[in-house]
There are 2 protein chains.
Amino acid sequence: MKLITKQTDYAIRALGCIAKSKDAIITVCGLAESLDMPQSFLRKILQRLNTKGILKSSKGKGGGFVLNINPAKISVLQLVEIFQGEFKLSEHVFKGKICPVIKTCYFKNRLDKIEKDVKKQLQLITIKKITKQDDLQRKK
Amino acid sequence: MKLITKQTDYAIRALGCIAKSKDAIITVCGLAESLDMPQSFLRKILQRLNTKGILKSSKGKGGGFVLNINPAKISVLQLVEIFQGEFKLSEHVFKGKICPVIKTCYFKNRLDKIEKDVKKQLQLITIKKITKQDDLQRKK
DNA sequence: CATAATGATACCATTTTAGTGTCATTATGT
DNA sequence: ACATAATGACACTAAAATGGTATCATTATG
Ligand code: FES
Ligand code: FES
């Protein structure tokens, strides 16, 4: 079971690089190379981040991507929700129908608490904090 | 993203029922009916729990399953690991190769902490605690 | 107008999860 | 003995999620 899928992981690392490049325009081509990610896949990811307002893109020759918002405002939770949908640890359903005891169920309550905690933790991890470590964009 | 898959969920609810039935032998057929789960699927799950030592089975007419260990000793973590493999939230790898900065990486460290916390929480949830609520086996 | 970039989107491949089916084995009761 | 009702083992299929590719359109630069 994975909390973070590859797409999200790529997005995080890509944003780390872009954040470090301070206003320089980054192209998919260059980034894919330096991070050793499949180019078309990365492209799709950056496009998504663009439509979500996290990156800003410019087309045409000399175009590419730059950050559109403060890296301190980009949380891993946000990225997870963009690429993996709403954060839900368990539906806890009864074969399609919502479980009848869902209000009082101990198990469900525990899971909800875990979910809340994890969500909070993920919200605290931001691109800024990650890039501070000065580790991400090294190749090999 | 799901922390608990359907298989694990079924296993938990099935164990809940079995735990409540106090030494009575439970058959797949009856259980599948009362919990509204696909019979063959449930059967595979109980078989698995049998080989893992959590249930004890008896074959032949009048056979079925009973608990083999104290429900207070069956944790959700254990069940998750049986049906979903070792609990790991993120590999955090660099395209197949293990990430070179894995020791110092802030992101990885945060994820590890989350993983540890969640694991601990899941270990605390036991079948006994779940059944105490007296909610699980109701149908509809 | 060639070129180098993204936008949109359809498509394909792989992996994981969910679920079924079948035949063998075993215990029970008549 | 035999019908029956249960599990054991395991192969198989189906569906969903994830990962990844490909193509054509659009746009800005020089
Ligand atoms: S059994 Fe469904 S909410 Fe707990
Ligand atoms: S970037 Fe790989 S361990 Fe953090």
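Quick note on labels: first sequence line is chain A, next is B, and so on, each numbered from 1.
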Inset, instruction - Would you indicate whether the side-chain heavy atoms of V76(A) and F107(B) approach each other to under 4.5 Å? - result: yes

Legend entry - I25(B) CD1 - dA27(C) C1' separation (whole Å): 11 Å

Legend entry - Donor-acceptor contact present, side-chain R48(A) to main-chain I82(A), <3.5 Å: yes

Inset, instruction - Please state how far atom NZ in K2(A) lies from atom C1' in dT14(C), giving the value in whole angstrom units. - result: 11 Å

Inset, instruction - Assign S40(B) to base, sugar-phosphate, or nothing according to its heavy-atom contacts below 4.0 angstrom with the strands shown. - result: base

Inset, instruction - Just name whichever nucleotide pairs with dT29(D), Watson-Crick or G-U, keeping both distances under 3.5 Å, else none. - result: dA2(C)

Inset, instruction - Can you tell me the distance, in whole Å, between the CD atom of Q47(B) and the P atom of dA24(C)? - result: 16 Å

Inset, instruction - Could you say whether S58(A) or Q39(B) is positioned toward the 5' end of DNA chain C, judged by the nucleotide with the nearest heavy atom to each? - result: S58(A)

Inset, instruction - Would you please confirm or rule out a distance under 4.0 Å between OP1 or OP2 of dG8(D) and any side-chain N or O of N50(B)? - result: yes

Inset, instruction - Please name the pair of heavy atoms, one in Y106(A) and one in L124(B), separated by the smallest distance, quoted to 0.1 Å. - result: OH-O, 4.4 Å

Legend entry - Among dA18(C), dG19(D), dA8(C), the nucleotide that comes nearest once only the side chain of K6(B) is considered: dA18(C)

Inset, instruction - State the pairing partner of dG7(C); accept Watson-Crick or G-U wobble contacts with both distances under 3.5 Å, and report none otherwise. - result: dC24(D)

Legend entry - Shared-cluster residues of I25(B), by chain and number - hydrophobic side chains joined below 4.5 Å: V66(B)

Legend entry - Rounded distance (Å) that lies between atom C1' of dT21(D) and atom CE of M37(A): 17 Å

Inset, instruction - Please determine, for the side chain of K59(A), which listed nucleotide (dT21(D), dT6(C), dT7(D)) has the closest atom? - result: dT6(C)

Legend entry - Interatomic distance where CG belongs to L46(B) and P belongs to dG19(C) [whole Å]: 15 Å

Inset, instruction - By nearest nucleotide on DNA chain D, pick out whichever of K44(B) and V28(B) is the more 5' one. - result: V28(B)

Legend entry - Donor-acceptor under 3.5 Å (Q84(B) side chain, T5(B) main chain): yes

Legend entry - Proximity to DNA chain C (any heavy atom under 4.0 Å), residues of residues 60-67 of chain A only: G60(A), K61(A), G63(A), G64(A), F65(A)

Inset, instruction - Whole angstrom is fine here: how far is it from CZ in F41(B) over to P in dA11(D)? - result: 18 Å

Inset, instruction - Quickly work out the I26(B) CD1 to dA5(D) P distance and round it to whole Å. - result: 18 Å

Legend entry - Distance in Å, L3(A) CG paired with L89(A) CG, rounded so as to fall on 0.5 Å steps: 8.0 Å

Inset, instruction - Whole angstrom is fine here: how far is it from CG in L31(A) over to P in dA4(C)? - result: 19 Å

Legend entry - Any T5(B) side-chain nitrogen or oxygen under 4.0 Å from OP1 or OP2 of dT16(C): no

Legend entry - N or O in side chain of Y10(A) less than 4.0 angstrom from dG20(D) OP1/OP2: yes

Inset, instruction - Kindly say whether I45(A) contributes a backbone atom to a donor-acceptor pair with the side chain of Q7(A) at under 3.5 angstrom? - result: no

